[in-house]
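Please read the structure below before turning to the comments.
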There are 2 protein chains.
Amino acid sequence: MAQTKKIEIRQAILDAAYELFSKRGYSDTNITEIARAAKVAPANLYVYFRSKLEILLSIYEPWLVKRFDELEKSLPRIASPRQRLLKILSTLWRDIPAVENGFANNWMRALATTAAREGYSPRLRLAIEERLAGLLDGCVPNLGRAGARELANIVLMAFDGYALNFHLNGGASCARRRLTLFADILLNGAPLAASRRPTKPSRRQASRRAVERAVAHVTG
Amino acid sequence: MAQTKKIEIRQAILDAAYELFSKRGYSDTNITEIARAAKVAPANLYVYFRSKLEILLSIYEPWLVKRFDELEKSLPRIASPRQRLLKILSTLWRDIPAVENGFANNWMRALATTAAREGYSPRLRLAIEERLAGLLDGCVPNLGRAGARELANIVLMAFDGYALNFHLNGGASCARRRLTLFADILLNGAPLAASRRPTKPSRRQASRRAVERAVAHVTG
DNA sequence: GTTGATTACCGAATAGTATTCGGTAATTAA
DNA sequence: TTAATTACCGAATACTATTCGGTAATCAAC
């Protein structure tokens, strides 16, 4: 009974926006530029999306979910729980904040500036947190679902921090030794002796830990 | 040889800005409002400060440093390392993000929007990180200075996350049990059994841990 | 005091933004 | 073919941080 919205146009807008956001960043890209790149009039963007923020969200959400899918899929191939944990941490704190010229940063930007005034729901964040909790549960022993959820929240907050600060550090991401240190702390607690603990615990240490754990499990 | 800037005016600007930023937030406060509240012309703000961001920084920096001073001063009065660690974490992840109607959030906002284009230096962040490393070094055993520094970085990133998300969660701050869980993990590693570990470890557990540690120290 | 230079101070302009308005025309169902 | 709907667009709107040009307060030197 009337003209209908065209998916090609919607997609053209998203593609243009994605390219520009990646290259110049969210706040240095204006609606006119997106419209020009998508070959439509600026006003027409508002037929397809309610706001600039909604355009970003429409890009960011599937983008982030895809990153998580890839992470999730890669984990079963890693036998060692420690290596799995490292994979999770390095993906969240190192890879994702840095990839695509710090694309995740755009989301932090948008969140910070416009999210408060409505239109934003924590749905995406909560879903991601839930998934992350599942992944952590598979690496860090005896957390329990509730504990995994708490830890996931903390890890995600740090992720926001790394994404937010990506450009401020001149594109620096989380250092490798920081990741290994943290992973080992998560698994084993504070180091026994700073100067002695290698990045990867020796077999003797590891087995002693395992014995402790087993004994504790029985006696505890 | 000429008229000089007046500290009263500078202070009036800062006071006005502080009040407005706290009440309405950084991006919902405009220069005209600040000027009106400070009883000067908008253009005159630019005699005293280079930009709106610089006004915020001039408020935020001493504000944050003061919070850290208070935290630092309170720690020696706490005997238990675990309680000290909890104090640090709850201050950073719970109190500071929530205080003054989420004032720290303004800084995240400003960072996200304008910091990239120069004028920003990581000086403040690095200084804070250094201090935090010192505090953590006093709670978490055997970290070493370098390790403490890495951990401090992570904790600060999560702080940014909590501050950034403060308003999005409807003013929620980091839950108490999340703090205790994380503190215990930092000190002892992954829980022995999720359902059994109390928030505060029993004396028997604690002493067993202590023995383990002592033995490890000798044999390790 | 008086003078002369400096610069705080201000009203009005500027440049830039996301978003909306009003009209036109393409599309679709009948 | 018609009639209703609505995608689409050019031009306006409302809002912003920041700057411009002029005025006058202030201070040092004499």
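Atoms considered below: every heavy atom in the structure, side chains included; atoms not considered: hydrogens, waters and symmetry mates. Chain identifiers are assigned alphabetically (A, B, ...) following the order of the sequence lines, protein sequences preceding nucleic acid strands; residue numbering begins at 1 within each chain.
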Task: Rounded interatomic separation in angstrom, taking OH from A/Tyr26 and P from C/dT17 - done: 13 Å
- [ ] List in numerical order all residues of residues 7-19 of chain B for which some heavy atom is under 4.0 Å away from an atom belonging to DNA chain D.
- [x] none
TODO: Salt-bridge test for B/Arg10 and B/Asp15: reply yes if a basic N is under 4.0 Å from a carboxylate O, no otherwise.
DONE: no
- [ ] Output the residues of residues 36-52 of chain B in contact with DNA chain C, where contact means a heavy atom of the residue under 4.0 Å from an atom of the strand; sort by number or write none.
- [x] B/Val40, B/Ala41, B/Ala43, B/Asn44, B/Val47, B/Tyr48
Table of protein N/O atoms under 3.5 Å from nucleotides 1-6 of chain C N/O atoms:
from	atom 1	to	atom 2	distance (Å)
C/dA5	N3	B/Met1	O	3.3

Open item on the list: What's the closest nucleotide to the side chain of A/Thr4 if the choices are D/dA7, D/dT18, C/dT28?
Closed with: C/dT28
TODO: Under the salt bridge (charged side-chain N to carboxylate O under 4.0 Å, His left out) rule, collect the residues that match up with A/Arg178, sequence neighbours excluded.
DONE: B/Glu150
TODO: Could you tell me which residues satisfy side-chain contact (heavy atoms from CB on, under 4.5 Å) with B/Lys23, sequence neighbours excluded, listed by chain and number?
DONE: B/Glu19
Open item on the list: Please determine whether a side-chain nitrogen of the Lys or Arg among A/Asp184 and A/Arg82 lies less than 4.0 Å from a carboxylate oxygen of the Asp or Glu.
Closed with: yes
Open item on the list: For A/Glu130, is there an ion pair with A/Arg145 - N to carboxylate O distance below 4.0 angstrom?
Closed with: yes
Task: Counterpart residues, side-chain contact (heavy atoms from CB on, under 4.5 Å), relative to A/Thr29 (two or more places apart) - done: A/Leu20, A/Phe21, A/Arg24, A/Glu33, A/Ile34
TODO: Scan side-chain atoms only and decide if B/Arg94 and B/Ser173 contain a donor-acceptor pair under the 3.5 Å cut-off.
DONE: no
Task: Donor + acceptor pair across side chains of A/Tyr162, B/Asn153 (<3.5 Å) - done: yes
Task: B/Leu56 CG - D/dA17 C1' separation (whole Å) - done: 15 Å
